[in-house]
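Both ligands and their constituent atoms are indexed starting at 1 by order of listing.
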Amino acid sequence: MRFDIITVLPGLLESPFAHSILQRAQKKGLTEIVVHNLRDYATNKQKSVDDYPYGGGSGMVMSIEPFAACIEKLKSERDYDEVIFMSPDGELLNQSIANHLSSKENIIILCGHYKGIDQRIRDLFVTREISIGDYVLSGGELPAAVLVDSIVRLIPGVLSDETSALSDSFQGDLLDAPIYTRPADWKGHKVPEILLSGNPVKINEWRDDQALERTRNRRPDLLKD
Ligand code: SAH
């Protein structure tokens, strides 16, 4: 699966993809993440990628030409399943969107900055708009990294123990059960006895019960259906 991320601040995206699971997924050839500097597609002398808003008001608006040039170049090289714009007014990212997108081949992600991007980019090129939460960040880079991480860990072969993604919160509408590791007794605070029993059936039952209870307490909305 390939991601092409278009940004005016490529440096912001260097670290998130250079560690841990995302780094390994790329090394194993399970995903390719290519970051494009929008400024390379600026056509004017000043290499500017933004301009004043029509109608006045505060904040700069990202121009259509550099985005159009970059998207059109990418589209001439391969077919894309989605062109996603990270935006606070998009659909709220959740596990089911991540699951759905993890079966795609090629995705372009646009990162906005300043006041946002010219509406015509959204109307003409974007197929999907995704928000990572009801708050406003300075740019689409961190949201893009969040989206890519949520998708890549679901690609078969990326996690060493594939079932671990299946038992995560939100897969199957339940939150994850509490987890423990050694020592079994830390200053009198003990691990639940059942986890030391060596009885996998009983342990699974306990985990299911705990997951259900946690979901009931914290996120009853997930149990509605
Ligand atoms: N004026 C815009 C916000 C611009 S913030 C508005 O009120 O909707 C600048 C850029 O940051 C946005 O274009 C978007 O790409 C990104 N961004 C900010 N918050 C985001 C969020 N919650 N989810 C996804 N992208 C976000």
[X], portion touching ligand 1 at heavy-atom distance under 4.0 Å:
X    : value
I130 : backbone
Y114 : backbone
S131 : both

Does [Y] offer a backbone N or O that forms a donor-acceptor pair with the side chain of [X] under 3.5 Å?
X    : Y    : value
D81  : E105 : yes
R219 : L175 : no
S131 : D89  : no
K115 : S58  : no

Flag [X] as yes when one of its N or O atoms lies below 3.5 Å from any N or O atom of ligand 1, and as no otherwise.
X    : result
M86  : yes
F85  : no
Y135 : yes
L137 : yes

### Query
When you check the gap from the basic side-chain N to the acidic O, do E91 and R128 get nearer than 4.0 Å?
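Judged by the 4.0 Å cut-off on N to carboxylate O distance, E91 and R128 do form a salt bridge.
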### Query
Is the shortest side-chain N to carboxylate O distance from R2 to D4 below 4.0 Å?
yes
### Query
Going by atom types alone, do T127 and E82 pair a side-chain donor with an acceptor below 3.5 Å?
yes
Around [atom], find the nearest protein heavy atom and jot down its residue, atom name and distance.
atom                    : result
atom 20 (C) of ligand 1 : P88 CD, 3.6 Å
atom 4 (C) of ligand 1  : K115 O, 3.5 Å
atom 24 (C) of ligand 1 : S87 N, 3.4 Å

### Task
Tell me, with the steps shown, if E129 and R122 meet salt bridge (charged side-chain N to carboxylate O under 4.0 Å, His left out).
CA-CA 8 Å; E129 304 191 324; R122 302 171 72 165; 2.8 Å; yes
### Message
Using the rule given for side-chain hydrogen bond (donor to acceptor under 3.5 Å, both in side chains), can you reason through Q95 versus D168, listing the C-alpha separation, both sets of side-chain angles and the distance that settles it, and then say yes or no?
### Response
CA-CA 10 Å; Q95 195 64 25; D168 279 341; over 6 Å; no
### Task
Measure the acute angle between the ring planes of Y41 and H36, then classify it against the limits of 30° and 60° as parallel, tilted or perpendicular.
perpendicular
### Message
Using side-chain hydrogen bond (donor to acceptor under 3.5 Å, both in side chains), reason through E141 and T7 one step at a time and then give a plain yes or no.
### Response
CA-CA 7 Å; E141 289 75 17; T7 167; 2.6 Å; yes
Can you list the atoms of ligand 1 that are under 4.0 Å from a heavy atom of [X]?
X    : value
S138 : 9 (C), 11 (O)
P143 : 24 (C), 25 (N), 26 (C)
G139 : 10 (C), 11 (O), 16 (C), 17 (N)
G140 : 11 (O), 15 (O), 16 (C)
G112 : 10 (C), 11 (O), 13 (O), 15 (O)
G116 : 13 (O)

### Message
Within the protein, is there a heavy atom lying under 4.0 Å from atom 7 (O) of ligand 1?
### Response
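Looking at atom 7 (O) of ligand 1, one finds that no protein heavy atom lies closer than 4.0 Å.
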### Message
Against ligand 1, does G90 come closer than 4.0 Å with any heavy atom?
### Response
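Judged by the 4.0 Å heavy-atom criterion, G90 does not count as contacting ligand 1.
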### Task
State if I132 counts as touching ligand 1 under the rule of any non-hydrogen atom under 4.0 Å.
yes
### Summary
Closest to atom 3 (C) of ligand 1 by heavy-atom distance, out of V136, L110, L142, is V136
### Message
Just checking Y180: does its OH atom have more than 12 heavy atoms from other residues, nucleotides or ligands closer to it than 6.0 angstrom?
### Response
yes
